[in-house]
Amino acid sequence: MAIQSNVAEASHAQEEITPECKEILSSLPKEKGWRTPNLYLYQGFWCQPKEIQAIISVQNHYKSEDSDIIVATIPKSGTTWLKALCFAIVNREKFDCQKNHPLLTSNPHELVQFLEYKLYANNQIPDLSTLPTPRLLATHMPLRSLPESVRESDSKLVYLCRNPFDTFVSIWHYLCKIRPESLGPLSLEEAFDMYCKGVIGYGPYWDHMLGYWHQSFEKPHKVLFLKYEEMKEDTTFYMKKLSEFLGFPFSSEEEKYGVIEEIAKLCSFEHLKELEVNKKGKGAIAHFENKNLFRKGVVGDWVNHFNPFMVERLTNIMEEKLAASGLSFKLF
């Protein structure tokens, strides 16, 4: 029954693609996908058909406002955590962390919704004027593919990435859980080869990271570039930095009374993972179960999966792609 369900699901997904989008897809390079039969190379990055259709809609219809805040990430690099932190920081005067806070009953992806996975998915054109100001939104799109209004407005982009070793392990585990059985298993070795070639949703990831990395120097008022490992190591420092960038700095009184620590605890991986909505809920992202969004959330788990050949290959790629930029990562 599971296989039949997955086949039907894949067929339904194909039916949701418009003739116009199918025509675009027919002209694009394609490779084997991770959770869909194929990935297509669109505007220099690899993406799934439904997301490409949604991204085109975002590019055509989303008009950024100066007060908009967009959480931009590579998949499985701490997106859920960053969404929770941004929501809690911006809305801290409205909600009590202990009692009526939306994060206690809603997954962060429901509170800070993806442009391409939620708001503009399935041929929808949402009315974003109903959202409270500042509008908190999210995307996995590379910088160069964001709508022109984002680049030209005074909206803010908060970017988070993770060391490529842990990112690979996290995304492989996640996609194995949601990959349709009809596609068969995806071995660690095959997935790693695809990853190193850049063939993964929104990849190559080095290109993705470098786009936001360079922009964070050119327009520091526009792009805040964060690394998962550094945030884990000194969460308080980076929460203060994040709050200042967003325009909601913590007051000395808030620091004195432990507001930063309170929000950090509310948004922590360990706390979010144990909430009922994140253990049993579903639909925060597409139709997938929320529990699949939470695995370990630690730094350095890659050592339990990589052999020496894999370490050497990815290290060489990182040196080749990132060394000249000055972008580096802590691996442990």
Side-chain angles (χ1 to χ4, degrees), residues 28-29 31 34 39-48 51-52 54-60 62-64 68-79 82-83 86 112 114-117 120 136-168 170-171 194-231 238 241-242 245-246 314 317-330:
L28 299 178
E31 292 283 353
W34 290 59
L39 286 171
Y40 294 82
L41 189 63
Y42 176 71
Q43 297 184 346
F45 67 98
W46 293 96
C47 202
Q48 294 155 166
E51 279 69 57
I52 291 175
I55 287 167
I56 292 171
S57 182
V58 173
Q59 293 169 337
N60 289 337
Y62 169 62
K63 302 302 178 190
S64 181
D68 284 357
I69 295 169
I70 301 175
V71 173
T73 58
I74 283 172
K76 304 309 295 174
S77 60
T79 309
L82 182 59
K83 284 186 175 187
C86 287
V112 183
F114 276 113
L115 290 166
E116 67 272 24
Y117 281 107
Y120 289 86
L136 278 169
L137 306 163
T139 189
H140 284 323
M141 293 164 61
L143 180 73
R144 64 177 176 270
S145 292
L146 292 174
E148 196 172 324
S149 65
V150 175
R151 298 192 295 271
E152 293 183 350
S153 71
D154 288 332
S155 60
K156 294 180 182 292
L157 291 161
V158 182
Y159 185 78
L160 177 65
C161 61
R162 190 178 187 182
N163 83 70
F165 287 73
D166 279 331
T167 302
F168 166 71
S170 184
I171 201 159
M194 295 164 71
Y195 181 78
C196 288
K197 291 175 180 175
V199 182
I200 184 166
Y202 302 95
Y205 284 174
W206 13 97
D207 293 347
H208 198 292
M209 292 187 286
L210 287 175
Y212 287 93
W213 173 250
H214 292 309
Q215 192 76 352
S216 72
F217 289 102
E218 292 171 18
K219 297 182 178 179
H221 62 284
K222 174 80 173 179
V223 179
L224 176 64
F225 191 99
L226 299 169
K227 299 178 189 177
Y228 183 82
E229 296 77 21
E230 292 178 347
M231 286 190 68
Y238 284 100
K241 188 172 184 177
L242 176 60
F245 176 79
L246 296 177
L314 190 51
I317 290 171
M318 287 174 63
E319 288 178 355
E320 176 193 342
K321 304 293 185 182
L322 305 179
S325 69
L327 176 58
S328 61
F329 294 91
K330 293 183 178 179

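Because only heavy atoms are used, hydrogens play no part in the values below, and waters and symmetry mates are left out as well, while side chains stay in. A quick note: this is a predicted structure, and the numbers were derived from the prediction, not measured. Nothing fancy with the numbering, it's 1 onward along the sequence.
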Sub-3.5 Å donor-acceptor pair from the side chain of [X] to the main-chain atoms of [Y], do we have one?
| X | Y | value |
| --- | --- | --- |
| E229 | N163 | yes |
| R162 | S170 | no |
| E116 | V58 | no |
| K227 | S328 | yes |
| S153 | S149 | yes |
| W34 | V199 | yes |

Heavy-atom check, side chain of [X] versus side chain of [Y], under 4.5 Å:
| X | Y | result |
| --- | --- | --- |
| M141 | Q59 | yes |
| L314 | Y195 | yes |
| I171 | I74 | no |
| T167 | Y228 | no |
| L137 | Y62 | yes |
| D166 | F329 | no |
| L136 | I69 | yes |

What is the minimum heavy-atom distance between [X] and [Y], and which atoms define it?
| X | Y | result |
| --- | --- | --- |
| V71 | C86 | CG2-SG, 3.9 Å |
| Y42 | I56 | OH-CG1, 3.3 Å |
| L143 | G211 | CD2-O, 3.3 Å |
| M231 | L160 | SD-CD1, 3.9 Å |
| G201 | L39 | N-CD1, 4.0 Å |
| L146 | Y212 | CD1-OH, 3.7 Å |

What's the spacing between [X] [atom1] and [Y] [atom2] if we round to 0.5 Å?
| X | Y | atom1 | atom2 | result |
| --- | --- | --- | --- | --- |
| Y40 | E31 | OH | CD | 11.5 Å |
| S64 | L115 | OG | CG | 9.5 Å |
| N60 | I55 | CG | CD1 | 12.0 Å |
| W206 | S325 | CH2 | OG | 13.0 Å |
| M194 | C196 | CE | SG | 11.5 Å |

Any pair counted as salt bridge (Lys or Arg N to Asp or Glu O under 4.0 Å), so long as it reaches residues 145-156, sequence neighbours left out: none

Compute the centroid of each ring, for H208 and then for Y159, and state whether the two points are separated by less than 6.0 Å. yes

Between the side chains of K222 and S155, does any donor sit under 3.5 Å from an acceptor? yes

Go through F114 and E51 one step at a time and tell me if the side chain to side chain contact (heavy atoms under 4.5 Å, CB included) criterion holds. CA-CA 11 Å; F114 276 113; E51 279 69 57; over 6 Å; no

For I70 and L157: C-alpha separation, side-chain torsions, deciding distance, then whether side chain to side chain contact (heavy atoms under 4.5 Å, CB included) applies. CA-CA 5 Å; I70 301 175; L157 291 161; 3.6 Å; yes

Cationic tip of K321 above Y205 ring, under 6.0 Å, 45° of axis: no

Give me the one residue out of F45, W46, Y202 that meets ring pair (Phe, Tyr, Trp, His ring centres under 6.0 Å) with H140. Y202

